[in-house]
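Structure, as structure tokens:
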Amino acid sequence: MKIATFNINGIKARVNALSDWLDEAQPDVALLQEIKSVDENFPRELFEEKGYNVETHGQKSFNGVAILSKLPLEDVTRGLPGDPEDEQARWIEATVVGKQAIRLCGLYLPNGNPRPGPKYDYKLAWMERLHARAQELMAAEAPALMAGDYNIIPQDEDAARPEVWQEDALAYLDSRAAYRRILNLGFTEAFRARTQGPEHYSFWDYQAGAWNRNDGIRIDHFLLTPQAADLLVDCQIDKEIRGREKPSDHVPVWVELDL
DNA sequence: ATGCCACGACTATCGTGA
């Protein structure tokens, strides 16, 4: 089963690019972030025609996550638990059943800039709630994954110019520590389980010719529970998508799981 | 030190992103 994550930076602007990539990559499941659309305006029919079931958790103008799946999506829940006051649409979960069942969590973690400030406080608080949900997934001792735009550069090797990001909310000491605290529950970061070394990125800024200079960062991640990591066959970044017409600033990352 | 580019909302700029 091929499961992908893709921050599309607006569904309206990405309908063609997303459709083309789905046709070629043929993921069984696509976890989407930054749909920047309310549920009613998401062009679900377009993807249903391709054989996908569609579940959205949208919001006006900003954020918004969705799941496309060729298999039925069961037990869908929306919103990260832990703060009923939080109105931002950044989390969606569902179960799909292949040879066995797997719980899929799609997430759009807050950016957190400028730091310090209320947006950074929100990022850290959100990561604390993510930690709590991650603990539950670990306790279930079953295949599960949390994938999406983490807005975290885990290590210096995950940025072309790490010095530029040192004080930024994406790479700051506290951000990395909060991310590691989740990893240290026992998750496997799928990409690094398969590929070592620098110059592997999932985001290139639209500005200053970042793509042409390969001035990227790796911020889109798959975290697998041990029972899901047992099933890991492959994990790749579809880098070439970034060089196409009207691309998102992120590219898809996917895992192949033996289920 | 700031804008560089792109998106969506509302229609001329502006908040947001990373």
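All values below were derived from every heavy atom in this structure, side-chain atoms included, with hydrogens, water molecules and symmetry-related copies excluded. Below, chains carry the letters A, B, ... as their sequence lines are ordered, and counting in each starts from 1.
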Choosing from B/dC7, B/dC4, B/dA18, which nucleotide comes nearest the side chain of A/N151? B/dA18
Under a 3.5 Å threshold, yes or no: a donor from one side chain and an acceptor from the other, between A/N9 and A/K36? yes
Interatomic distance, [X] [atom1] vs [N] [atom2] [rounded to whole Å]:
{"X": "A/I217", "N": "B/dG17", "atom1": "CD1", "atom2": "C1'", "value": "11 Å"}
{"X": "A/R90", "N": "B/dT16", "atom1": "CZ", "atom2": "C1'", "value": "11 Å"}
{"X": "A/H250", "N": "B/dG17", "atom1": "NE2", "atom2": "P", "value": "11 Å"}
{"X": "A/D220", "N": "B/dG17", "atom1": "CG", "atom2": "C1'", "value": "13 Å"}
{"X": "A/D205", "N": "B/dC7", "atom1": "CG", "atom2": "P", "value": "13 Å"}
{"X": "A/R161", "N": "B/dA18", "atom1": "CZ", "atom2": "P", "value": "17 Å"}
{"X": "A/L109", "N": "B/dA18", "atom1": "CG", "atom2": "C1'", "value": "13 Å"}
{"X": "A/Y120", "N": "B/dA18", "atom1": "OH", "atom2": "P", "value": "15 Å"}

Applied to residues 56-100 of chain A, the ring-ring contact (aromatic ring centres under 6.0 Å, His included) test, sequence neighbours excluded, yields none
Letter by letter from the 5' end, nucleotides 9-15 of chain B scores (B base, S sugar-phosphate only, - none; protein heavy atoms under 4.0 Å) SS-----
Between A/Q207 and A/P110, who's closer to the 5' end of DNA chain B by nearest nucleotide? A/Q207
Could you tell me whether the phosphate oxygens of B/dA18, OP1 or OP2, come under 4.0 Å of any side-chain nitrogen or oxygen in A/Y108? yes
At under 4.0 Å, does any side-chain N or O of A/N113 touch on OP1 or OP2 of B/dA18? no
Just call it for [X]: base, sugar-phosphate, or nothing, with non-hydrogen atoms closer than 4.0 Å on any strand.
{"X": "A/K246", "result": "sugar-phosphate"}
{"X": "A/D149", "result": "sugar-phosphate"}
{"X": "A/R14", "result": "sugar-phosphate"}
{"X": "A/N9", "result": "sugar-phosphate"}

Taking the inter-plane angle between the rings of A/W21 and A/F6 on a 0 to 90° scale, is it parallel (under 30°), tilted (30 to 60°) or perpendicular (over 60°)? perpendicular
About how many Å separate CD1 of A/I182 and CG of A/L137, when rounded to the nearest 0.5 Å? 11.0 Å
Pairwise [atom1] distance, [M] and [N] [rounded to whole Å]:
{"N": "B/dC7", "M": "B/dT2", "atom1": "P", "result": "25 Å"}
{"N": "B/dA12", "M": "B/dA1", "atom1": "P", "result": "35 Å"}
{"N": "B/dA18", "M": "B/dG3", "atom1": "C1'", "result": "15 Å"}
{"N": "B/dC10", "M": "B/dC14", "atom1": "P", "result": "15 Å"}

When every non-hydrogen atom of A/D28 is compared with those of A/Y52, the smallest separation belongs to O-CE2, 3.8 Å
Minimal non-hydrogen separation, A/N63 against A/A89, with atom names: CB-O, 3.4 Å
Centre of A/F191's six-membered ring, under 6.0 Å away, within 45 degrees of the axis: is that where NZ or CZ of A/R218 sits? no
Test side-chain hydrogen bond (donor to acceptor under 3.5 Å, both in side chains) on A/N53 and A/E55; report intermediate values, then the result. CA-CA 7 Å; A/N53 298 287; A/E55 294 287 349; over 6 Å; no
